Amino acid sequence: MDIYQHFRKEEKPFIDQVLSFREDVSLKYQRKLTDFLDPREQMIMKALMGNDPDLIYGLEGGAEGSERKRAIIAPDYEIIEKSDFQLTLLEASYPQKFVTLEHRDVLGAFMSLGIRREKMGDLVVQEGTIQITAASEISDYIKMNLTGIKRSNVQFEEKPLSARIVSNETWATKQTTVSSLRLDVMVKEIYGMSRNKASMFIEAGQVKVNFRTVEDASFLLEEGDLISLRGKGRSRLDEVLGETKKEKYKVMTSKLN
């Protein structure tokens, strides 16, 4: 059976990577710790791991409800502990009366240091506090090198994972009917605009699906896909509930308020 037929063409490199991890663990009897995976990658990994009797795996992002998580694949006789995922919670404060920081400002500051997104987990920016769950191997680098964001000086310190702030973000859920699961149709529906305008945003590179820019308006979405439209926030295709008699799709979507 061709395992790739169940996934998107552009996901082949990640599939090959997971299959390689599985083979290495099976042959060498040594566990493998991955970088942070987004929700789509986590779903693919679960599907590829299946019910292998010789291997176990776990996912951990530092707190309940974490979006981005590291994974461990290990021989079935091992026990995976939370500490094995090598996660470090870093926190810094900033004077919110004098400077306004948004998620993208902070993420951009990390990226400007040459830190790959795969080494960073969930990021929370609210009420004068920044928290990020990072791979432990880069925590010292962040503390030494990230000392300013926009016009604000910051100093990151390690905190226990139990001190992670609960994000005040809320998702508004809606059930609707769409003619297609194409990206332009879903952007039109979720963000309340014409299909032509949705296509313009997509073709201009302003839409991401699962954190990757997609410039093809005909790109087909699947359950669990995360969508972001520059300047208009994030959304998600939660569930495809079925088809109507007129061959339209009943879907459940969520949008970040």
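Nothing here was measured: the structure is a model prediction, and the numbers come from that model.
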Determine yes or no for a side-chain-to-main-chain donor-acceptor pair under 3.5 angstrom, with S66 supplying the side chain and K69 the backbone.
no

Exercise for review: Would you check if D184 and S218 make a side-chain contact, meaning some heavy-atom pair closer than 4.5 Å?
Suggested key: no

| task | Give a yes or no answer on whether the side chain of E223 reaches the backbone of D238 with a donor-acceptor pair at less than 3.5 Å. | result | no

For the hydrophobic clusters of this structure (ILVMFWY residues joined by side-chain heavy atoms under 4.5 Å, transitively), does one cluster hold both I138 and F110?
yes

d(K119 NZ, E137 CD) to nearest 0.5 Å is 4.0 Å

What one should report as the nearest heavy-atom pair of I227 and I190 is CD1-CD1, 3.9 Å

- Message: Let's go through S179 and V185 carefully: what are the C-alpha distance in whole Å and the side-chain angles of both, what is the deciding distance for side chain to side chain contact (heavy atoms under 4.5 Å, CB included) to 0.1 Å, and is it a yes or a no?
- Response: CA-CA 7 Å; S179 60; V185 173; 4.0 Å; yes

Output yes when D216 and R182 qualify as a salt bridge under the 4.0 Å nitrogen-oxygen rule, no when they do not. no

Let's go through I115 and I142 carefully: what are the C-alpha distance in whole Å and the side-chain angles of both, what is the deciding distance for side chain to side chain contact (heavy atoms under 4.5 Å, CB included) to 0.1 Å, and is it a yes or a no?
CA-CA 9 Å; I115 299 173; I142 292 173; 3.6 Å; yes

query: Does NZ belonging to K97 count more than 12 external heavy atoms closer than 6.0 Å?
result: no

Can you see whether D122 engages T133 through a side-chain donor-acceptor pair at a distance of less than 3.5 angstrom? no

Handout entry: side chain to side chain contact (heavy atoms under 4.5 Å, CB included) between L59 and K46, intermediate numbers included
Key = CA-CA 10 Å; L59 294 160; K46 290 175 184 178; 3.4 Å; yes

Between G58 and F85, the two heavy atoms sitting closest are O-CE2, 3.5 Å

CD (E41) and CZ (R68) are apart, to the nearest 0.5 Å, by 7.5 Å

*asked:* What verdict does the side chain to side chain contact (heavy atoms under 4.5 Å, CB included) test give for Y94 and V125, after you've listed the backbone C-alpha separation in whole Å, the side-chain angles of each residue and the deciding distance to 0.1 Å?
replied: CA-CA 10 Å; Y94 63 93; V125 183; 3.7 Å; yes

Practice problem: Would you confirm whether Q42, through its side chain, and A71, through its main-chain N or O, come within 3.5 Å as a donor-acceptor pair? | Solution: no

**Prompt:** Distance-only, no hydrogens or angles: does the R117 side chain make a donor-acceptor pair with backbone N or O of M120 under 3.5 Å?
**Reply:** yes

Side-chain touch L241/V251, heavy atoms, less than 4.5 angstrom
no

Smallest heavy-atom separation, F14 atom then M45 atom, equals CE2-N, 4.5 Å

K248 atom NZ: more than 12 heavy-atom contacts under 6.0 Å: no

Requested in this report: Mark yes or no for whether R70, through its side chain, and A135, through its backbone, hold a donor-acceptor pair below 3.5 Å.
Outcome: no

Practice problem: Please say whether more than 12 non-hydrogen atoms of neighbouring residues, nucleotides or ligands are located less than 6.0 Å from CZ in R116. | Solution: yes

Compare all side-chain heavy atoms of P39 with those of M43 and state whether any distance is below 4.5 angstrom. no

Heavy-atom closest pair (Q131 atom, A163 atom, distance to 0.1 Å) is NE2-O, 3.2 Å

From the list R236, M186, E189, side-chain contact (heavy atoms from CB on, under 4.5 Å) with T253 holds only for M186

Please answer: with hydrophobic residues joined when any side-chain heavy atoms are less than 4.5 Å apart, are V207 and L220 in the same cluster? no

Problem - Side-chain ion pair, R40 and E11, N-O less than 4.0 Å - result: yes

Here the gap from I56 atom CD1 to E78 atom CD, rounded to the nearest 0.5 Å, amounts to 6.5 Å

Are V25 and I15 connected into the same hydrophobic cluster when the rule is that any two of I, L, V, M, F, W, Y join if their side-chain heavy atoms are below 4.5 Å apart? yes

- prompt: Do R22 and D52 have side-chain heavy atoms sitting under 4.5 Å apart?
  reply: yes

Under 3.5 Å, is there a donor-acceptor pair between the side chain of D105 and the main chain of E102? yes

In short, R31 meets D84 closest at the heavy-atom pair NH1-OD2, 3.0 Å

To the nearest 0.5 Å, atom CD1 of I202 lies from atom CG of L183 at 3.5 Å

Rounding to 0.5 Å, atoms CG (L27) and CD (Q30) come to a distance of 11.0 Å

NZ/K150: more than 12 non-hydrogen atoms of other groups inside 6.0 Å: yes

In this structure, CD1 of I44 is separated from CG of D38 (nearest 0.5 Å) by 8.0 Å

_Using a 6.0 Å cut-off, check whether atom NZ of K188 has over 12 heavy atoms from anything other than its own residue._
no

key: Side-chain donor-acceptor pair present, T88, S136, cut-off under 3.5 Å   = yes

- Query: Would the number of heavy atoms belonging to other residues, nucleotides or ligands and lying under 6.0 Å from OH of Y77 be above 12?
  - Reply: yes

When you measure from the side chain of R164 to the backbone of G62, do you find a donor-acceptor pair of N or O atoms at a distance under 3.5 Å? no

Exercise. Are K174 and K255 close enough that some pair of their side-chain heavy atoms sits under 4.5 Å apart?
Worked result: no

Between the side chains of S180 and Y249, is a donor N or O closer than 3.5 angstrom to an acceptor N or O? no

- Item | From CA spacing to verdict: salt bridge (Lys or Arg N to Asp or Glu O under 4.0 Å), E158, K143 | CA-CA 9 Å; E158 291 188 19; K143 287 187 290 183; 3.0 Å; yes

For R234 and S228 the tightest heavy-atom approach is CG-CB, 4.0 Å

- Task: Examine F21 and F7 and state if one hydrophobic cluster contains both, with Ile, Leu, Val, Met, Phe, Trp and Tyr joined whenever side-chain heavy atoms are less than 4.5 Å apart.
- Result: yes

For a 4.5 angstrom cut-off between non-hydrogen side-chain atoms, does L146 reach L113? yes

| field | Close side-chain approach of V106 and I149, heavy atoms under 4.5 Å | value | yes

Do NZ/NE/NH1/NH2 and the carboxylate oxygens of D16 and K12 come within less than 4.0 Å? yes

* K32 and D24 ion-paired at < 4.0 Å -> no

Q: Examine L107 and L37 and state if one hydrophobic cluster contains both, with Ile, Leu, Val, Met, Phe, Trp and Tyr joined whenever side-chain heavy atoms are less than 4.5 Å apart.
A: no

Would you say CE of M200 has more than 12 non-hydrogen atoms from neighbouring residues, nucleotides or ligands within 6.0 angstrom? no

- Item | S26 side chain near D54 side chain, heavy-atom distance below 4.5 Å | no

* Just wondering, are more than 12 heavy atoms of other shown residues or ligands nearer than 6.0 Å to CZ in F211? -> yes

